[in-house]
Amino acid sequence: MDKQNKKMNEEEMLAAEEQPQEIQEQLAEAETEETDAVENSIDPLESKVAELEASLEKEKKEYLFLMADFDNFRKRTIKEKAEIIKNGAEQAMKGLLPIVDDFERGLEATKDATDAGPVLEGMELIYNKLVKYMADNGVQPMQTNGSPFDADLHEAIAQVPVPGDEQKGQIIDTVSKGYTINGKVLRHAKVVVGQ
């Protein structure tokens, strides 16, 4: 019986020794599987991070190119605006040159003139040419005498007493003509208003 007990004890001990080794192997396998699972889950995350970083770099470059393009556009627009402002009067002045030429010819011709009739006629021709040029460019004189006073269009420089109520608030005299350009006041008319 002792032998039998001893044999059973040896078998149990072997079984017990094998058991921890099996358990250790199972634990090692489980650890390996967990490590593989963690590594497998990290690989997609790392590739996703790399992909997002590449996308971010691309977006940064596009943003910088867009900002540079906008800055160039802004500078070009400012330069073009400055050119327009600088040369805006060029066309108007070019149109006035023939009128200046006429004045110079008129002045030259009047040096030896003894009769004022032709000089007056020449001045009227030049004046009409200037008024036509102004009208062609949208400049129109305001009609003021006899119309009601309007502070948006007129500048009252004096008020005079009037005999009738119908003339109160009306423009009696125009000291300096007013002009509009394309419907906007270019110069207010200086007027005398009835009181």
Working to the nearest 0.5 angstrom, can you tell me the gap between [X] [atom1] and [Y] [atom2]?
| X | Y | atom1 | atom2 | answer |
| --- | --- | --- | --- | --- |
| Met142 | His188 | CE | NE2 | 6.5 Å |
| Glu53 | Lys60 | CD | NZ | 9.5 Å |
| Lys132 | Tyr127 | NZ | OH | 14.5 Å |
| Leu97 | Asp102 | CG | CG | 11.0 Å |
| Glu57 | Glu62 | CD | CD | 12.0 Å |
| Phe70 | Lys75 | CZ | NZ | 12.0 Å |

Are the side chain of [X] and the backbone of [Y] linked by a donor-acceptor contact shorter than 3.5 Å?
| X | Y | value |
| --- | --- | --- |
| Asp71 | Met67 | no |
| Asp173 | Val191 | no |
| Arg187 | Thr180 | no |

message = When you compare the side chain of Glu51 with that of Lys48, does any pair of heavy atoms fall below 4.5 Å?
response =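 Of all side-chain heavy-atom pairs linking Glu51 with Lys48, at least one is under 4.5 Å.
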
pair Val162-Lys168: side-chain heavy atoms closer than 4.5 Å =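 Heavy-atom side-chain distance check passes, below 4.5 Å.
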
ask   = Can Arg105 and Asp101 be counted as an ion pair, charged N to O under 4.0 angstrom?
value =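 Salt bridge: no.
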
Please tell me whether [X] and [Y] are part of a single hydrophobic cluster in this structure, the criterion being side-chain heavy atoms less than 4.5 Å apart.
| X | Y | answer |
| --- | --- | --- |
| Leu153 | Ile157 | no |
| Leu186 | Met134 | yes |
| Tyr179 | Leu130 | yes |
| Met93 | Val139 | yes |
| Tyr133 | Ile181 | yes |

Quick one: closest heavy-atom pair of [X] and [Y], and the distance?
| X | Y | value |
| --- | --- | --- |
| Pro148 | His154 | O-CE1, 3.7 Å |
| Gln170 | Gly146 | OE1-O, 2.8 Å |
| Pro98 | Gly95 | CD-O, 3.3 Å |
| Asp115 | Val119 | O-CG2, 4.0 Å |
| Gly178 | Ala189 | N-CB, 3.5 Å |

key: Glu59 atom CD: more than 12 heavy-atom contacts under 6.0 Å   =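 For Glu59, atom CD is crowded (more than 12 foreign heavy atoms under 6.0 Å).
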
ask   = Are there more than 12 heavy atoms of other residues, nucleotides or ligands under 6.0 Å from atom CE of Met123?
value =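 No, CE of Met123 has 12 or fewer neighbouring heavy atoms, counting only those of other groups under 6.0 Å.
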
inquiry  = Quick check on side-chain contact (heavy atoms from CB on, under 4.5 Å): which of Ile171, Asp150, Ile172 does Thr144 satisfy it with?
reply    =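 Result: among Ile171, Asp150, Ile172, Ile171 is the only option passing the side-chain contact (heavy atoms from CB on, under 4.5 Å) with Thr144.
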
